[in-house]
A.B. asks: 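To start, I am sharing the structure in question, which I have written as structure tokens.
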Amino acid sequence: MASIDISNIRKSYGIHPVLHGIDLEIKDGEFVVLVGPSGCGKSTLLRMIAGLEAVTDGEIRIAGKRVNDLAPKDRDIAMVFQSYALYPHMSVAKNMSYSLRLRKTAKEKIASVVASAAGKLGLDPLMERRPKALSGGQRQRVAMGRAIVREPKAFLFDEPLSNLDARLREQMRAEIKKLHQDLGATSIYVTHDQIEAMTLADRIVAMHGGIIQQVGSPLELYDNPANLFVAGFIGSPGMNFFEGRYMASGETANFALTGGMALPLGGTANLADGSRATLGIRPEHVALGAEGLDVLKATVDLVEPTGFGIIVHLKLGPVAFKAFTLDRRFLGMHGEVNVRLPVGNLHFFDEAGRKV
Amino acid sequence: MTGKRILSVVAHRLAILAYVAFALFPLYWLLKVSVTPNKLLYSEGIRMWPSQTSFEHFEFVLKHSDFPVFFKNSLIVSGSTAIIVTVLASLAGYAMSRFNFRGKYWIVTLMLLTQMFPLVMLVAPIFKILSPLGLTNSLTGLVIVYTAFNVPFATFLMQSFFDGIPKDLEEAAMIDGATQFVAFRQIILPLTLPGIAATLGFVFTAAWSELLFSLMLISGNDAATFPVGLLSFVSKFSVDFGQMMAAGVLALIPACLFFLLIQRYLVQGLTAGAVKG
């Protein structure tokens, strides 16, 4: 196991920059998830750590050793691919032992290591099968088995669950987490699925446009997003945003929504009077059916029951937003409803999208 | 099954049968003439099978003609060409499929360009080039020429097979501890066996039946390949059809054996890429 240090990594394809100076320190045994929309550079970064993609500028260190110019085979890392990348002409056992055979490990050692990995992953009855005779979930397990037999310095996962159906994805997600708890291996996991990121990560690295937007624990990113991108990307249903103007008046302030309505804010925010800003609130923080002086009248547009809870699509004048509630009384709701946006749960973002 | 369906199945099978009969008829005629004794060849008129068969032509061809030499020469030339071309085309096709390098576009263009000229145009210049090198009238010269002409197409063929193999596989192998070359040899090549078989078969048959260059570059019987050798059964005044056909039947044997050997891979190869997985 080892730490991984990435300093000021850049990547360009020709004149097109893809990564603009990434700095990241991954501690020994940590599970870090790189998350972001497609094209944000997360897979490129992972492939650079693996040695499959050349580094344009900057430095990558694994266990303190600079690996920029090392071939993938000399970096001592294991990788699980989205496509599983199992060798079709080899049995499961041969697939799992390939790396050890390349390293000329003793036969008895290979047999015992492979058997123990197979046991951990429940692959024992499948060892002589070819990959094409396996289901998606089994293939995924073999790919993981191939990674763990070697006890590498770090595990890299490139969207390993994207090809599985929802139920299997949930199950494998839990298995990956359990495996990490058992092995305690340094892991870097790339996904575009924020649920996977939230559930698996010790730390999430949110990326967008080749730049790290925020690094932190899942709840830090959820409760305290650094900017509009992170606020909108993490969480499902996503955070509601209202654009408008911040109007200070002494000890209190109003938020004048674009469209005419004014939102009384209990206190003040760190914004200049009259400045344009975006106000964000998570759907579960929107209080439906509230009473009092500071309530707003919203129109119900659509009610979506998820079984677990209810997503209510609302409109405040022309501005659409969502509320999430566990209260089934709101299932048959229509017409107007009182809502309150509790001041403590509001997030403010300045014109540049930074949280204030 | 309804009557209509039976009828359509029967019609379908009959159509296939008719096509197969049409395609195989020349081969059948080759066989028929080869076993017809000389005295019956012109006297019996057109019959589907002679009233009497004999292997006299085969005996003559094998024992008293230069055919065994032609046969050996053809085997050497076609076999070497097939192997050399396949090795070169595998490596080149892999490079074309996996690497980006300067001049790749121009190399592809040049290779395509070589396929655009009728070969007849090139006979004289090739003779001019090979003659001072002492490569006319030699099997080596033929192998070189055949290799040169077959490599471009074989490279495109192999490239398409490599393109069909996901890049992830060799990346996985490289992370598992293989160099790019080891990944190529242990992971990619075994998966391209159908492509290799198809290329081998294609080049072997092309070289086996090539007449033009062999005719132009080879003059004596010592280095003649079998298509040229067949012409030796044509004399100034007559054509010895019986012996010529017997030689033709014998010449079919290695080609048939070769395809029998690789057909398992070939069928996969020709349909590869049609369906995923």
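Letters A, B, ... mirror the listed sequences (proteins, then strands); counts begin at 1.
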A.B. asks: Do A:Tyr189 and A:Glu196 have side-chain atoms, one donor and one acceptor, less than 3.5 Å apart?
C.D. replies: yes
A.B. asks: So what's closer than 4.5 Å to chain A heavy atoms on B:Gln186: side chain, backbone, both or neither?
C.D. replies: both
A.B. asks: May I ask you to test the A:Leu70-A:Lys65 pair for a side-chain heavy-atom distance under 4.5 Å?
C.D. replies: yes
A.B. asks: Below 4.5 Å from any heavy atom of chain A, which atoms of B:Leu191 appear? Answer side chain, backbone, both or neither.
C.D. replies: side chain
A.B. asks: Judged by modelled atom types alone, do A:Tyr84 and A:Gln138 share a side-chain donor-acceptor pair under 3.5 Å?
C.D. replies: no
A.B. asks: Mind checking whether A:Leu52 and A:Pro72 have side chains closer than 4.5 Å, heavy atoms only?
C.D. replies: yes
A.B. asks: Chain B heavy atoms under 4.5 Å from A:Ala78: which part of the residue, side chain, backbone, both or neither?
C.D. replies: backbone
A.B. asks: A:Arg47 versus chain B, heavy atoms under 4.5 Å apart: side chain, backbone, both or neither?
C.D. replies: side chain
A.B. asks: Given a strict heavy-atom distance threshold of 4.5 Å, which part of A:Tyr87 is in contact with chain B: side chain, backbone, both, or neither?
C.D. replies: both
A.B. asks: Heavy-atom distance under 4.5 Å between the side chains of B:Phe226 and B:Asn73, does that happen here?
C.D. replies: no
A.B. asks: For the interface with chain B, which of A:Pro88, A:Ala147, A:Ala71, A:Ala50 has the highest count of heavy-atom pairs at distances below 4.5 Å?
C.D. replies: A:Pro88
A.B. asks: Between chain A and each of B:Pro190, B:Ala173, B:Pro166, count heavy-atom pairs under 4.5 Å; write down the option with the most.
C.D. replies: B:Ala173
A.B. asks: Can you tell which of A:Asp158, A:Ile77, A:Leu156, A:Val80 has the highest number of heavy-atom pairs within less than 4.5 Å of chain B?
C.D. replies: A:Ile77
A.B. asks: When you measure from the side chain of B:Trp208 to the backbone N and O of B:Ala251, does any donor-acceptor pair fall under 3.5 Å?
C.D. replies: yes
